[in-house]
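On a predicted model such as this, the values are computed, not experimentally measured, just so you know.
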Amino acid sequence: MVLISNSTDTPIIVGTETEYGISIKNAVEQDPVAASTLVVNVYKDSNLKKITWDYQQETPFVDARGFTSGSENQKPDEDENTIINDVLFNGGRYYVDHAHPEYCTPECTNARDVVIYEKAGDLILNLSCMAAEELLPAEQEILIYKNNTDYKGHSYGGHENYLMSRQVEFDDIVQGMIPFFVTRQIITGAGKVGSENGAEPAEFQITQRADFFETEVGLSTMVARPIINTRDEPHADEKAYRRFHVIVGDSNMSEFSIYLKVGITAIALKLIEKGVVGDQFNLVKPVSQNQIVSRDLTCKKNVLLEDGRRLTPIEIQRFYLDLAHKHLQPHEITSVMEDVMAKWEFVLDQLETDPMSLDQYLDWVIKKRIIDAFIERHNSDWSDSRVRMIDLQYHDIRPDKGLYARLKKNGRVHQIVDHAEVVRAITDPPTDTRAFFRGSCLQKFPGYIRSASWNSMVFCTDGSSLDKILMDRPHFGTKEVVGDLLKNCAASELVEAVLSSNANKE
């Protein structure tokens with residue numbers, strides 16, 4: 001399915017990737033790779049056991065600056081592939097990434113849907129744990145944390161992806177997004193007790209990740225981490241699109257934080273596509289200022305700009321919001337974008353007045369309020385080992401154990417979506433992206449699918465030959481476009497119809 005659009009505007013396509021921390025309670029030795037493999041493999045539907053992930057079009061070492069690194073992409077063999085990868089009915093992916101289980105949402109067209117599908121991922125991880133524990137000794141328990149550090153110097157990611165026009169110069173993205181990311185953390189930070197990676201000491205800071213970023217721009221996601229990642233792996237038509245891969249954010253528990261993180265970033269990138277963000281916000285030494293902002297719980301300390309101005313993170317974020325109001329046309333602003341902009345302004349106003357007033361909204365504020373109450377109640381301080389345990393417990397995904405989950409159950413945090421929507425999203429793909437085609441085919445034709453990836457599916461309908469259906473336009477393959485075809489065709493008829501349609505379009 002070569003998905004062709006007549007639109008001249010780059011559609012909003014977004015998604016997130018979450019690496020979860022994992023350990024097994026009462027295990028003699030910790031083996032996170034084996035634990036991750038267990039929870040991923042046990043979740044896989046029996047009908048999908050033989051479907052592999054297609055690594056053929058993955059290019060993780062191609063750099064947006066115009067070169068390829070010397071590394072080779074190590075692809076698993078077929079047996080390992082089936083064990084460590086699970087392509088989900090909802091159109092997402094669930095797999096083992098190094099020593100972590102990782103969940104990727106399906107492609108979404110708005111921030112609200114990202115919240116729904118990311119939260120569905122948390123439920124999938126919890127269901128996996130319960131199933132996997134049936135295979136372990138009775139005294140052992142699998143613990144999963146949606147956080148970004150093991151407090152032993154290792155950090156793991158909560159990544160975001162945004163579809164952009166290939167016509168936008170990458171240098172323009174770098175210039176416009178570094179000051180945005182350095183200041184965005186006052187809204188999106190998950191909160192962290194202490195510091196790591198040899199960074200300046202802190203009792204508590206806004207973000208879990210600031211200590212681990214050491215350079216401004218680069219390809220690596222694990223060493224010398226950059227604020228701007230240069231991976232050029234579009235998972236779409238590479239002549240038309242780029243996928244802007246964001247590694248600088250935290251994994252969020254708060255629905256509100258996820259919503260704004262994705263929503264305001266998509267808006268900022270739209271402004272860059274329009275050419276209205278130039279060098280007016282360039283920061284002096286952004287890596288060090290990234291750590292300074294993370295440690296300023298008032299959000300009022302100035303950051304230094306190259307033109308000599310000193311502005312607070314709140315002021316810089318407000319500049320981006322003002323540009324959105326000025327330059328986005330009414331026909332470009334969806335109802336979700338309008339709501340994101342209103343909530344963006346609300347948060348900036350509250351941060352200006354009293355950050356702690358956001359203790360039902362933003363992760364870092366919610367967490368700090370919990371710890372402050374504990375310290376006061378027990379006449380303790382930040383060095384108390386129990387304080388760090390509270391930090392970790394906040395990110396426990398178990399509905400009956402995690403501190404955030406308990407606050408949500410008791411109505412103590414602001415919600416963006418309904419729980420019923422999240423439950424449905426475990427199996428139902430979005431209807432307005434190519435994820436609908438992928439997820440629907442997996443549900444209806446699992447016996448005829450050999451492999452899948454973000455931008456292709458390989459079918460074997462006659463027992464021998466393979467047919468690859470390309471999905472190079474993430475905003476096609478929707479229910480509107482292919483719903484009737486999927487409902488009325490057998491697998492062979494579907495493949496024939498799609499390939500015939502592609503041939504005619506070519």
Side-chain angles (χ1 to χ4, degrees), residues 12-18 20 43 88-92 94 103-130 144 146 158 160 187-188 190 250-267 333-344 346-347 358-363 365-367 394-433 435-436 439-440 443 478-480 483:
I12 295 176
I13 301 289
V14 294
T16 61
E17 310 166 12
T18 304
Y20 293 80
Y43 183 78
L88 301 171
F89 286 144
N90 70 5
Y94 183 28
Y103 169 80
C104 306
T105 69
E107 303 91 327
C108 299
T109 61
N110 61 81
R112 190 177 188 279
D113 281 358
V114 172
V115 176
I116 292 171
Y117 282 95
E118 185 170 316
K119 284 298 178 179
D122 294 348
L123 293 184
I124 287 171
L125 265 291
N126 189 55
L127 291 170
S128 299
C129 286
M130 291 190 292
I144 299 280
K146 191 184 182 187
E160 309 147 53
I187 299 171
T188 63
D250 286 3
S251 297
N252 292 109
M253 300 299 294
S254 163
E255 294 179 9
F256 192 90
S257 290
I258 299 168
Y259 184 63
L260 279 190
K261 176 174 66 179
V262 173
I264 68 176
T265 304
I267 289 172
I333 301 175
T334 66
S335 59
V336 170
M337 290 172 66
E338 185 176 18
D339 186 57
V340 165
M341 290 164 68
K343 286 180 168 59
W344 194 359
F346 161 74
V347 166
L358 293 166
D359 62 354
Q360 292 187 1
Y361 298 90
L362 304 184
D363 273 319
V365 184
I366 299 170
K367 183 187 289 184
Y394 181 84
H395 300 273
D396 192 325
I397 65 166
R398 292 174 294 179
D400 58 335
K401 300 290 185 181
L403 293 184
Y404 176 83
R406 288 161 62 182
L407 289 172
K408 180 180 176 181
K409 182 179 179 180
N410 293 329
R412 300 277 299 278
V413 293
H414 186 84
Q415 293 179 235
I416 296 293
V417 300
D418 296 329
H419 184 68
E421 294 179 283
V422 176
V423 173
R424 285 195 299 270
I426 293 175
T427 54
D428 293 357
T431 60
D432 55 358
T433 69
F436 177 79
S440 298
Q443 294 182 44
T478 65
K479 184 176 183 179
E480 181 180 2

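Legend: residues meeting side chain to side chain contact (heavy atoms under 4.5 Å, CB included) with I12, ordered by chain and number and at least two apart, are V14, K270, M337.
Checking side-chain atoms of E17 against main-chain N and O of C104 turns up no donor-acceptor pair under 3.5 Å. Using a distance-only test at 3.5 Å, with no hydrogens or angles considered, a donor-acceptor pair links the side chain of N90 to the main chain of G92. The main-chain N or O of Y117 is never found under 3.5 Å from a side-chain atom of T105 such that the two would form a donor-acceptor pair. With N252 contributing its side chain and T188 its backbone, the two residues share a donor-acceptor pair below 3.5 Å. Panel note: side chain D363, backbone S254; a donor-acceptor pair is recorded below 3.5 Å. Side-chain atoms of D359 do not come within 3.5 Å of backbone N or O of I366 as any donor-acceptor pair. At least one donor-acceptor pair closer than 3.5 Å links the side chain of K119 to the backbone N or O of M253.
Residue pairs meeting the side-chain hydrogen bond (donor to acceptor under 3.5 Å, both in side chains) criterion with at least one partner in residues 421-432, sequence neighbours excluded, are T109-D432, R112-E421. The side-chain hydrogen bond (donor to acceptor under 3.5 Å, both in side chains) contacts involving residues 400-417 comprise E255-K408, where partners must be two or more places apart or lie in separate chains.
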Practice problem: Would you sort out whether Y103 and D122 count as a side-chain hydrogen bond (donor to acceptor under 3.5 Å, both in side chains), showing the intermediate values? | Solution: CA-CA 8 Å; Y103 169 80; D122 294 348; over 6 Å; no

Self-check item: Chi angles and distances behind the side chain to side chain contact (heavy atoms under 4.5 Å, CB included) call for I144, N126
Solution: CA-CA 8 Å; I144 299 280; N126 189 55; over 6 Å; no

Quiz item: What do the steps show when you test L125 against Y43 for side chain to side chain contact (heavy atoms under 4.5 Å, CB included), and what is the final call?
Solution: CA-CA 9 Å; L125 265 291; Y43 183 78; over 6 Å; no

Practice problem: Would you sort out whether L127 and I426 count as a side chain to side chain contact (heavy atoms under 4.5 Å, CB included), showing the intermediate values? | Solution: CA-CA 10 Å; L127 291 170; I426 293 175; 4.2 Å; yes

Quiz prompt | side-chain hydrogen bond (donor to acceptor under 3.5 Å, both in side chains) evaluation trace for E118 with T16 | solution = CA-CA 7 Å; E118 185 170 316; T16 61; 2.9 Å; yes

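Using a 4.5 Å heavy-atom cutoff, the side chains of T334 and E338 are not in contact. A heavy-atom distance below 4.5 Å is found between the side chains of Q443 and P429. Residues F256 and I258 form no side-chain contact, since every pair of their non-hydrogen atoms from C-beta on lies 4.5 Å or further apart. A 4.5 Å side-chain heavy-atom check between V422 and V417 finds at least one atom pair inside the cut-off. Proximity of I187 to I264: side-chain heavy atoms (C-beta onward) are separated by under 4.5 Å at one or more points. In this structure, the side chains of V347 and L362 come closer than 4.5 Å at one or more pairs of heavy atoms. Considering only heavy atoms from C-beta on, P106 comes within 4.5 Å of P430 through its side chain. Residues V336 and Y259 are in side-chain contact: their nearest non-hydrogen atoms beyond the backbone lie under 4.5 Å apart.
For the pair V340 and A111, the tightest heavy-atom approach, listed with the atom from each and the gap, is CG2-CB, 4.5 Å. Minimum interatomic distance between G91 and E107 (heavy atoms only, all atoms of both residues): O-OE1, 4.4 Å. Between K367 and Y394, the shortest heavy-atom distance links the atoms CE-CD2, 3.7 Å.
One finds a salt bridge joining D339 and K343 here, because a Lys/Arg side-chain nitrogen approaches an Asp/Glu carboxylate oxygen to under 4.0 Å.
Side-chain polar atoms of S128 and Y94 form a donor-acceptor pair below 3.5 angstrom.
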